[in-house]
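This report concerns only the one structure given below.
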Amino acid sequence: MRKTDAQGPATPTIQVIERMFALIDVLASREEAISLKEISEKTGLHPSTTHRILNDLATGRFVDRPEAGSYRLGMRLLELGNLVKARLNVRDAALVPMRELHRQIQQPVNLSVRQGDEIVYVERAYSERSGMQVVRAIGGRAPLHLTSTGKLFLAADDPQRVRAYATRTGLAGHTKNSITQLPVLERELAKARQYGIARDNEELELGVRCMAAGIYDDQARLVAGLSISAPADRLDESWLGKLQTTAAEISTALGYKPPTQRMAA
């Protein structure tokens, strides 16, 4: 029987999603692979329906087929789980240092992570005393090439990936200062690689400038960016050292060791 809610019968899409979750729950209940017949019995779904949904999940690597007729959870779920874990760990490690940096400079301090072709703001240290209105709340998104943290992530990519990003997005701009040409962006990314910091010169919002430093995990992967936002005429270059020190403190808390320390070890 199809499930219904207060608004009437469930749509076919919702029904498929509910069945997909039921199948994943069954696979999660066992360490070893499970036969199609047993999965069908446990979920109450017809074998043909079970087979169709599991095959779709296998295409997306959410489910593996170690042998014909048996299934288990796939590596894509592990990848996504590790991604969520990294973000949560970054936020936990960053919160106190971010607040201390904000106390020193009295301007918004932002923690952002990459999600596809955008950055997502996952935490912010902010107070009304900064005299600056925060437009993008926690959970807000912005294009990589228009933000200081986004440029750090692009700088970590190889040239082919950067060109692919430019093709996908068209490098659309938000202000008259936005970088919308690939050669200009490539020069900007070269500076970010050289100096380890990146800037947003009123490229996302007029009247707002930002500087960002990277946060790295125990595998030396760039997992987040720490940025300072300020009114364009108030961004102080003396904050850069404080920003880098704070980003390094958070990276250390995540287990990161600079290259010299890794070589010594």
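This is a predicted model, so every value here is computed, not measured.
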**Request:** Give a yes or no on this: more than 12 heavy atoms of other residues, nucleotides or ligands lie within 6.0 Å of atom CD of E31.
**Result:**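 For E31, atom CD is not crowded (no more than 12 foreign heavy atoms under 6.0 Å).
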**Prompt:** Does atom CD of Q181 have more than 12 heavy-atom neighbours, drawn from other residues, nucleotides or ligands, at distances under 6.0 Å?
**Reply:**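 Count not over threshold, so no.
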For the pair [X] (side chain) and [Y] (backbone), establish whether a donor and an acceptor sit closer than 3.5 Å, ignoring hydrogens and angles.
{"X": "D217", "Y": "Q219", "answer": "yes"}
{"X": "R61", "Y": "V63", "answer": "no"}
{"X": "T180", "Y": "G173", "answer": "no"}
{"X": "R193", "Y": "A155", "answer": "yes"}
{"X": "S251", "Y": "A247", "answer": "yes"}
{"X": "S35", "Y": "S70", "answer": "no"}

**Request:** Go through the steps to decide whether T175 and N177 satisfy the test side chain to side chain donor-acceptor pair (under 3.5 Å), and finish with yes or no.
**Result:** CA-CA 5 Å; T175 75; N177 287 5; 5.1 Å; no
**Request:** Provide the closest heavy-atom pair for Q106 versus R103 in the form atom of the first, atom of the second, distance.
**Result:**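 Looking at all heavy atoms of both residues, the shortest contact is NE2-O, 3.0 Å.
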**Asked** E188 and side chain to side chain donor-acceptor pair (under 3.5 Å): which partner among K151, R199, H145?
**Response**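 The passing option is K151.
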**Asked** Only one of N110, T147, D200 clears side chain to side chain donor-acceptor pair (under 3.5 Å) with S229; which?
**Response**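 So, applying the side chain to side chain donor-acceptor pair (under 3.5 Å) to S229 and each of N110, T147, D200, only N110 qualifies.
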**Request:** Taking the side chain as every heavy atom from C-beta outward, state whether L27 and L54 have any atom pair closer than 4.5 Å.
**Result:**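 A side-chain contact under 4.5 Å exists here.
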